[in-house]
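Below is one structure, written out as C-alpha cells, with a few remarks after it.
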Amino acid sequence: MSNRDTLFSAPIAKLGDWTFDERVAEVFPDMIQRSVPGYSNIISMIGMLAERFVQPHTQVYDLGCSLGAATLSVRRNINVEGCKIISVDNSPAMIERCRRHIDAFRADTPVDVIEADIRNISIENASMVVLNFTLQFLDPNERQQLLNTIWHGLRPGGILVLSEKFSFADPVVDELLFNMHHDFKRANGYSELEISQKRSMLENVMLTDSVESHKARLRTAGFEHVDLWFQCFNFGSLIALKAGSV
C-alpha cells in the first residue's frame, strides 16, 4: 500500500520549483493515481503494446521511468527471447525505489536501471521506447533532438509511446479541460490549497505542448505513422511507429 500524498496539505512559505525528491518518491504512486486521469489505463496499454511490438533480441527503453510502472508493465508482457529493458531516471530517490520494485518481481527479461539524464543515453537496437509523462519536463528546445535520437535508435517496425499533459490552441477548450482536471483532483480528495500549491511549483518546470506540436515533432524526427491513441481531459498518449517490417 503506498503512502498517501499530503505534501501540499499545509501552507508552504516558499514554494520552489518542483523536484522529484525523496518526499515525492515516497508518495508518488498515490499522487499520480489521484492527479493523472487515465494513468492506470495508459500503463496497462503500454504492456499490451509491448506484447505486440517488442521484437526478439532487441532493447526496450523506459525514459523517465520514475518508480518503474511502465517497465513492469512491459516486462510482464514480453513474450519473445533475448530482450533487455533499460530504465532511466535522473532522480536518485526514484531510481532507488525503482530498483526495489523491479527486484520484487521475478521475470526472464533483465532490466538495467540507470540513474542518468535521458538526453545523454544512446538508443540502440530498440523495438520500443516509452516516454511516459517525461518529455514535458525537458527544455522545449531539447525535445526535438531527443525524438530524433529515439527514431535513429529504433529498429524498423519499432514503436515510441509518448504520454503527456497537453495544452490546447482553443482557449475555451483549454480552460474547460484545465478545470475538469481540477474537478478530477478535487474528486480524489485534494484540497484547493494542495491543487494551487502544486500548480505553482510545476509552473516553471512542466511546459506543455499541443497534440499538434507533438505530432509535428514526431514527423520531423522521421516517424511515418503518428496519432493520439488515448486522451482523458488534458492528458493523453500518442503512438509513433517507424516504418518497415519487423
Could you tell me if the side chain of Gln59 sits less than 4.5 Å from the side chain of Ile85, heavy atoms only? no
Residues at least two apart in sequence or cross-chain that pass side-chain contact (heavy atoms from CB on, under 4.5 Å) with Glu224, listed by chain then number, are Trp151, Ala243
| field | Close side-chain approach of Ser167 and Asn234, heavy atoms under 4.5 Å | value | no
Please list, one pair per line, the donor and acceptor atoms closer than 3.5 Å that link side chains of residues 44-53 to other protein atoms, with sequence neighbours excluded.
residue	atom	partner	partner atom	Å
Ser44	OG	Ser40	O	3.0

So salt bridge (charged side-chain N to carboxylate O under 4.0 Å, His left out) across residues 56-82, not counting sequence neighbours, yields none
Residues at least two apart in sequence or cross-chain that pass side-chain contact (heavy atoms from CB on, under 4.5 Å) with Asn148, listed by chain then number, are Gln144, Gln145, Ala221
Taken in chain and number order and not counting sequence neighbours, the residues that satisfy side-chain hydrogen bond (donor to acceptor under 3.5 Å, both in side chains) with Ser87 are Thr71
Counting only pairs under 3.5 Å, give me each side-chain donor-acceptor contact of residues 102-111, with atom names and distances, residues two or more places apart or in other chains.
none

Heavy-atom distance under 4.5 Å between the side chains of His225 and Phe223, does that happen here? no
Sorted by chain and residue number, the side-chain contact (heavy atoms from CB on, under 4.5 Å) partners of Gln231 (sequence neighbours excluded) come out as Phe168, Leu177, Leu228
Residues at least two apart in sequence or cross-chain that pass side-chain hydrogen bond (donor to acceptor under 3.5 Å, both in side chains) with Asn179, listed by chain then number, are none
Residues passing the side-chain contact (heavy atoms from CB on, under 4.5 Å) test with Asn141, sequence neighbours excluded, are Asp139
Listing, residues 118-130 side-chain donor-acceptor contacts under 3.5 Å, not counting sequence neighbours, or none:
residue	atom	partner	partner atom	Å
Arg119	NE	Asp117	OD1	2.9
Arg119	NE	Asp117	OD2	3.2
Arg119	NH1	Glu142	OE1	2.3
Arg119	NH2	Asp117	OD2	2.6
Asn125	OD1	Arg155	NH1	2.9
Asn125	ND2	His57	O	3.0
Ser127	OG	Gln55	N	3.2
Ser127	OG	Thr58	OG1	2.7

By ring pair (Phe, Tyr, Trp, His ring centres under 6.0 Å), Phe166 pairs with (sequence neighbours left out) His214
Hits for side-chain hydrogen bond (donor to acceptor under 3.5 Å, both in side chains) against Lys165, two or more places apart or cross-chain, chain-then-number order -> none
